[in-house]
Amino acid sequence: MTVEIPIPTDRPVRVRIAPSPTGEPHVGTAYIALFNKVFAEKNNGRFILRIEDTDQRRSTPESEQAILDSLRWLGLDWHEGPDIGGPYGPYRQSERTELYREHAKYLIDEGNAYYCFATSEELDEMRATAKEQGLRTAYDRRYRDLPREEVERRLAAGEPYVVRLKMPLSGTTRVTDGLRGDIDIDNAELDDQILLKSDGFPTYHLANVVDDRLMQITHVIRAEEWIPSTPKHVLLYQAFGWEPPVFIHMPLLRNNDKTKISKRKNPVSLEYYRTTGYLPEALVNFLARMGWSMPDESEKFEYREMLEHFDFGRMSLGGPIFDLDKLDWLNGMYIRELEPGDLVARLQGWLLGSGYLSAVAPLVRERIKRLGDFIPSTTFFFGGFDPLPAEALVPKGKERVEAYRALRAVTEAVDSMSTWDEATIEEALRAQVEATGFKVRDLFMMVRLAVTSQKATPPLFESMAVIGKARCQYRLREATNTLKP
RNA sequence: GUCCCCAUCGUCUAGAGGCCUAGGACGUCGCCCUUUCAAGGCGAUAACAAGGGUUCGAAUCCCUUUGGGGACGCCA
């Protein structure tokens with residue numbers, strides 16, 4: 001493919017990865033980070049990490065830390081970020097809220113944005129109407145031209161409000177994508193985008209545009225799912241009187257059924273890949289092969305080789321399926337090439353180091369008579385795991401479909417947990433005893449079998465805490481699938 | 001439903017109009033090596049979504065259809 005990505009000559013290339021700290025460190029984040037980093041370094045530029053924690057309800061410091069740790073584990077380290085600082089900080093959006101408010105105010109004063117007092121009930125109604133009439137936008141702009149006095153009155157009365165961008169009512173907006181060329185969108189397709197939420201925090205759209213500008217970002221390399229909102233961003237840049245950056249939309253990683261990669265159908269947590277024993281360089285190599293190829297079609301190459309040959313012209317745009325079989329093969333190649341001493345070091349850096357061992361050891365201390373018993377009694381902490389057939393998972397006296405529903409409920413409960421420790425796990429699982437109507441013994445045995453593939457194990461909640469959320473989720477999901485009628 | 005993106009073996013991909021009778025890799029299946037299992041070697045399997053153009057010539061350029069995906073949140 002012929003692509004020409006414009007590179008500014010008067011200022012350095014600066015790109016960013018902008019994860020939202022709302023859950024597991026995601027494999028898609030690593031994918032996008034990799035291509036940002038390699039593009040930056042190919043062009044002697046800078047790769048910036050910015051935390052997009054403007055969702056006050058869902059963002060957590062633990063998630064932020066997990067993301068930083070995972071990206072570092074992969075070697076995708078950054079030149080500027082919340083932990084190491086840099087000349088354009090702060091790099092955490094929650095610490096920049098004043099900036100967004102000022103910018104929103106500017107747009108209001110210039111007549112490019114307005115206060116909107118629609119309640120969520122009003123919005124629900126509008127969405128319903130829009131759906132009914134097959135309209136392209138949901139919000140009917142009812143507060144767009146409110147008389148100034150009424151706006152003042154409502155503000156003075158302390159009514160909650162959001163700030164919306166005034167979209168042009170006609171015409172088209174052109175988005176230029178570095179890989180796809182020009183995309184023209186009819187402005188009538190665009191909603192008056194919310195810029196400032198009623199909690200005073202910015203939406204992604206505002207924060208992203210303001211920060212990319214202030215942080216001198218030259219190229220926005222992000223996932224394809226952003227294409228539909230890019231015209232809104234372009235219009236926002238225009239409203240500020242700014243030159244937009246170059247947009248490059250990467251293909252989306254896919255599940256086996258071609259849908260956007262998701263935790264329901266794939267392990268997506270980087271934590272899963274680390275604890276299951278993938279080598280970071282193998283994962284990076286694999287991610288690099290998603291949509292991109294070396295000029296000589298090598299399958300196995302390290303980051304520095306990718307860097308040497310990197311060119312967006314070698315991207316293919318079809319969404320690649322995340323094929324774990326091929327990852328396994330690649331990972332095996334990397335392991336085989338390790339010197340024996342290096343392999344030992346890797347094993348110790350993985351779960352055979354004293355840190356993990358000291359979490360496991362207390363759990364079996366009372367259950368082993370000889371040190372040698374440690375190995376057979378702890379295999380499932382390390383990956384020694386034999387998925388059980390459906391018959392083995394269904395509790396006596398229960399139907400398979402009942403077991404399926406109960407285990408699915410447990411899996412979903414686990415998905416939605418944001419902290420992972422013994423007490424929280426116990427709380428979540430006990431709640432499922434109520435919800436499913438299973439006996440404590442039946443439900444917990446089923447979960448135990450799903451998570452450890454053993455009948456006799458150390459206490460369930462402690463074991464799950466040590467095994468870690470990512471692997472528990474994967475094993476629960478697999479067991480649920482085998483029970484699926 | 002509306003808008004947008006995408007389209008080569010099951011999967012990841014090579015392919016910039018003649019080098020394509022479409023190449024490589026994973027997977028699968030055979031054979032070899034081997035005390036076992038891996039690994040390795042050799043081989044097989046398998047794709048240009050369809051139809052119209054353009055051209056002396058199309059996997060490659062254009063159009064239509066079909067298929068797949070994404071977006072339509074006070075999530076990012």
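Computed from heavy atoms alone, side chains included, the values below leave out hydrogens, waters and symmetry copies. In this text, all values refer to a predicted model and were calculated from it rather than measured experimentally. Within every chain, numbering begins at 1; the chains are lettered A, B, ... in the order of the sequence lines, protein sequences first and strands thereafter.
Across all strands shown, B:G1 pairs with B:C72; the Watson-Crick or G-U wobble distances both stay below 3.5 Å. When Watson-Crick and G-U wobble pairs are counted only if both distances are under 3.5 Å, B:U60 pairs with no nucleotide at all. Across the strands present, B:A7 finds its partner in B:U66; the criterion is a Watson-Crick or G-U wobble pair with both atom distances under 3.5 angstrom. Across the strands present, B:C29 finds its partner in B:G43; the criterion is a Watson-Crick or G-U wobble pair with both atom distances under 3.5 angstrom. Under the Watson-Crick or G-U wobble criterion, with both distances below 3.5 Å, B:C37 has no partner in any strand shown. Checking B:C19 for Watson-Crick or G-U wobble geometry (two distances, each under 3.5 Å) identifies no partner in any strand.
Mapped onto RNA chain B by nearest heavy atom, A:R180 and A:V162 fall at different nucleotides, with A:R180 at the one closer to the 5' end. Place A:L327 and A:Q193 on RNA chain B by their nearest nucleotides, and A:L327 ends up nearer the 5' end.
Counting non-hydrogen atoms under 4.0 angstrom, A:G332 reaches nothing in the nucleic acid. Looking at heavy-atom distances under 4.0 Å, A:E52 makes contact with sugar-phosphate atoms alone, never a base. Note on A:A18: nothing from the nucleic acid sits closer than 4.0 angstrom, heavy atoms only. Among the atoms of the strands shown, base atoms are found under 4.0 Å from some heavy atom of A:S198. Within 4.0 Å of A:R289, counting heavy atoms only, lies at least one base atom of the nucleic acid.
Among B:C5, B:G23, B:A76, the nucleotide with an atom closest to any side-chain atom of A:E297 is B:G23. The side chain of A:K258 has B:G68 as its nearest neighbour among B:G68, B:G70, B:U13. When the nucleotides B:A76, B:C74, B:A14 are ranked by their closest atom to the side chain of A:T54, B:A76 comes out on top. Taking only side-chain atoms of A:I183, from C-beta outward, the nucleotide of B:A14, B:C4, B:C75 with the closest atom is B:C4. Distances from the side chain of A:D323 to the nucleotides B:A39, B:C26, B:C74 place B:C26 closest. The side chain of A:D325 has B:C26 as its nearest neighbour among B:G70, B:C26, B:C75. For A:E189, whose side chain is taken as the heavy atoms from C-beta onward, the closest listed nucleotide among B:C74, B:C3, B:C12 is B:C3. For A:K197, counting side-chain heavy atoms from C-beta on, the closest listed nucleotide (B:A25, B:A76, B:G69) is B:A76. Distance from the side chain of A:R164 is smallest to B:C74 among B:C5, B:C74, B:A76. For A:I185, the side-chain atoms get nearest to B:C3 when compared with the rest of B:C3, B:C12, B:G68.
Here the straight-line distance linking atom CD1 of A:I217 with atom CZ of A:R46 works out to 11.0 Å at 0.5 Å rounding.
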Validation: residues 244-254 of chain A side-chain donor-acceptor distances under 3.5 Å, sequence neighbours left out:
| unit_1 | atom_1 | unit_2 | atom_2 | d |
| --- | --- | --- | --- | --- |
| A:H249 | ND1 | A:D177 | OD1 | 2.8 |
| A:H249 | NE2 | A:R222 | NH1 | 3.3 |
| A:H249 | NE2 | A:T230 | OG1 | 3.3 |
| A:R254 | NE | A:L252 | O | 3.2 |
| A:R254 | NH1 | A:K258 | O | 2.8 |

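A side-chain hydrogen bond (donor to acceptor under 3.5 Å, both in side chains) check over residues 18-29 of chain A, counting only residues at least two apart or in different chains, returns the pairs A:E24-A:S269, A:E24-A:K469.
Taking side-chain N and O atoms only, A:R254 has no distance below 4.0 Å to OP1 or OP2 of B:G70. Under 4.0 angstrom from either OP1 or OP2 of B:A71 there lies at least one side-chain N or O belonging to A:K260. Put simply, A:S293 has a side-chain N or O that comes within less than 4.0 Å of OP1 or OP2 on B:A14.
Using cut-offs of 30° and 60° on the angle between ring planes, the pair A:Y273 and A:Y278 is tilted. Ring geometry for A:F286 against A:F322 counts as perpendicular: the plane angle is over 60°, on a 0 to 90° scale with 30° as the lower cut.
Ring centroids of A:F312 and A:F310 are separated by less than 6.0 Å, placing the two rings close together.
Contact annotation: side chain of A:E225 to base of B:G69, donor-acceptor pair absent below 3.5 Å.
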